2 protein chains.
Amino acid sequence: MDNDMQYCTVEPALDVIVGKWKISILFLLFQGTKRFSELQRDIPDITKKVLASQLRELEEQDIIRRVVYAVVPPKVEYSLTEYGHSVKPVLQTIHQWGRAHLEHMGLKKGIEETTT
Amino acid sequence: MDNDMQYCTVEPALDVIVGKWKISILFLLFQGTKRFSELQRDIPDITKKVLASQLRELEEQDIIRRVVYAVVPPKVEYSLTEYGHSVKPVLQTIHQWGRAHLEHMGLKKGIEETTT
DNA sequence: CTGGATCCGTCGGGATACTG
DNA sequence: CAGTATCCCGACGGATCCAG
């Protein structure tokens with residue numbers, strides 16, 4: 001990876017959003033602080049292990065904050081760091097283009113089918 | 001994946017840029033039309049098979065165009081479609097945030113180290 | 001409740017050889 | 001030159017069980 005010195009800085013950003021569930025997690029946390037169990041409830045198809053691992057990655061990247069309460073039963077809250085909020089515009093940009101992309105591909109498919 | 005109806009449109013966009021070499025390919029094609037061999041030369045660590053597969057994916061997504069010349073030896077040119085150019089701002093947004101992210105993580109690391 | 005540990009399947013990507 | 005065909009491997013994610 002030395003051929004793309006000039007532009008390889010795209011990739012670190014991708015680490016933050018690439019991961020099967022990271023985007024779901026981020027969107028949920030954009031709404032505010034969530035507990036582990038809340039995230040698990042709102043993302044039904046994710047397992048604890050994977051949720052935990054994705055959260056840990058985001059935490060290491062300083063995108064989210066993990067707060068452990070010394071109570072029983074345990075309580076852990078996750079929230080965006082101040083820095084974490086800065087990914088929002090990135091996600092929105094991708095989101096908008098993604099919508100346009102879907103539409104574009106839909107149109108293309110429609111056109112192709114009308115030619116049959 | 002029915003829990004994130006509202007925001008799952010982030011993912012299709014990601015398909016375009018996720019892939020170990022897609023970003024490198026896109027950046028090269030932003031410069032203009034390239035032949036297969038040129039791409040391979042400019043991305044030294046990629047193999048033909050992988051280059052071909054990544055190109056095919058981008059082509060299916062209507063991001064790039066593949067033009068085959070009926071000459072011998074064979075000649076194939078790849079270029080961005082008009083639509084493909086629209087990913088540029090997306091990449092730039094990610095790129096900019098990526099740079100800031102690197103800097104941020106660097107600072108964080110520095111701070112942590114000065115505390116030792 | 002919030003995880004960690006373990007095992008396992010899948011899939012993207014890589015090495016190599018072959019072809020039109 | 002521009003690929004395809006095969007085989008291979010490691011990383012990621014999933015299922016299940018265990019623990020503080």
Side-chain angles (χ1 to χ4, degrees), chain A residues 1-4 8 10-26 28-29 33-61 63-79, chain B residues 1-4 8 10-26 28-29 33-61 63-79:
Chain A
M1 196 75 55
D2 46 87
N3 59 80
D4 49 1
C8 71
V10 178
E11 302 192 6
L14 285 181
D15 287 344
V16 175
I17 43 183
V18 171
K20 194 164 176 182
W21 305 100
K22 280 184 186 169
I23 292 174
S24 299
I25 294 169
L26 288 177
L28 288 171
L29 291 184
T33 299
K34 303 267 181 184
R35 296 186 56 170
F36 188 90
S37 49
E38 290 181 289
L39 292 172
Q40 202 179 354
R41 172 169 46 75
D42 293 341
I43 312 176
D45 294 341
I46 199 175
T47 65
K48 297 184 210 184
K49 174 201 157 187
V50 175
L51 176 55
S53 73
Q54 305 257 310
L55 287 169
R56 219 179 311 115
E57 286 178 31
L58 288 170
E59 190 192 357
E60 282 167 11
Q61 289 162 329
I63 305 298
I64 66 175
R65 183 179 300 112
R66 178 171 177 269
V67 178
V68 183
Y69 294 87
V71 297
V72 41
K75 174 179 173 183
V76 180
E77 281 185 350
Y78 293 90
S79 58
Chain B
M1 197 72 58
D2 45 85
N3 60 80
D4 51 1
C8 71
V10 178
E11 302 191 7
L14 284 181
D15 287 344
V16 175
I17 45 184
V18 171
K20 194 165 176 182
W21 306 100
K22 281 186 186 170
I23 292 174
S24 300
I25 294 169
L26 288 176
L28 287 171
L29 291 183
T33 300
K34 302 269 181 186
R35 297 187 55 170
F36 188 89
S37 51
E38 290 182 288
L39 292 171
Q40 203 179 355
R41 172 170 46 75
D42 293 342
I43 312 175
D45 294 342
I46 199 173
T47 63
K48 296 185 214 185
K49 174 200 158 186
V50 174
L51 177 56
S53 73
Q54 305 256 309
L55 287 169
R56 220 178 310 116
E57 286 178 31
L58 289 170
E59 191 193 356
E60 282 167 10
Q61 290 161 330
I63 304 298
I64 67 174
R65 183 179 301 113
R66 179 172 176 268
V67 178
V68 184
Y69 295 86
V71 296
V72 43
K75 175 178 173 183
V76 180
E77 281 185 349
Y78 294 89
S79 59

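All chains are named by letter (A, B, ...) in the order of the sequence lines, taking the proteins before the strands, and each is independently numbered beginning at 1. Here the structure is a predicted model, which means the values were calculated and not measured.
- The closest side-chain heavy-atom distance from A:Thr33 to A:Val67 is not below 4.5 Å.
- Look at CD1 on B:Ile43: it is 13 Å from P on C:dG13, rounded to the nearest Å.
- Separation of atoms CD (A:Glu59) and OH (A:Tyr78) is listed at 7.0 Å; rounding is to 0.5 Å.
- Closest of all the heavy-atom pairs between A:Val16 and A:Leu58 is O-CD2, 3.6 Å.
- For the pair A:Leu58 CG and D:dC12 P, the interatomic distance rounds to 14 Å; values are reported in whole Å.
- Following rounding to the nearest Å, A:Lys75 (NZ) and C:dT2 (C1') show an atom-to-atom distance of 13 Å.
- Remark: P of D:dC12 and NZ of A:Lys22 are 9 Å apart, rounded to the nearest angstrom.
- Every residue two or more places apart in sequence or in another chain that forms a salt bridge (charged side-chain N to carboxylate O under 4.0 Å, His left out) with A:Lys75 is listed here: A:Glu77.
- Residue-level contact check: A:Tyr78 touches the backbone only, with heavy atoms under 4.0 Å from sugar-phosphate atoms and none from bases.
- In this structure, CG of B:Leu14 is placed 16 Å from C1' of C:dG12, rounded to the nearest angstrom.
- For C:dG3, the OP1/OP2 oxygens have no side-chain nitrogen or oxygen of A:Arg56 closer than 4.0 Å.
- Spacing between atom CG of A:Leu55 and atom P of C:dG3 amounts to 8 Å, rounded to whole angstrom units.
- Phosphate proximity of D:dA2 to B:Ser37: present, with a side-chain N or O under 4.0 Å from OP1 or OP2.
- Remark on DNA chain C: of its neighbouring residues B:Glu57 and A:Pro73, the 5'-side contact belongs to A:Pro73, judged by nearest-heavy-atom nucleotide.
- Interatomic distance, CG of B:Leu29 versus CG of B:Asp42, reported as 10.0 Å (0.5 Å rounding).
- In this structure, A:Lys22 NZ and A:Leu55 CG are separated by 10.0 Å, a value rounded to the nearest 0.5 Å.
- Remark: B:Arg35 is not in phosphate contact with D:dC1, judged by side-chain N or O atoms under 4.0 Å from OP1 or OP2.
- When rounded to the nearest whole Å, the span between CD of B:Glu38 and P of D:dG3 equals 13 Å.
- Between B:Arg66 and the phosphate of D:dA2, there is no side-chain N or O to OP1/OP2 separation shorter than 4.0 Å.
- Dashed line: the shortest gap from a side-chain N or O of A:Gln54 to OP1 or OP2 of D:dG13 is under 4.0 Å.
- Rounding to whole angstrom units, CD of residue B:Glu59 and P of D:dA2 are separated by 15 Å.
- Annotation: the span from B:Leu39 atom CG to B:Ile46 atom CD1 amounts to 8.5 Å, rounded to 0.5 Å.
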* To do: Using a 4.0 Å heavy-atom cut-off, write out nucleotides 14-20 of chain D from 5' to 3' as B (base contacted by protein), S (sugar-phosphate only) or - (no contact).
  => BB----B
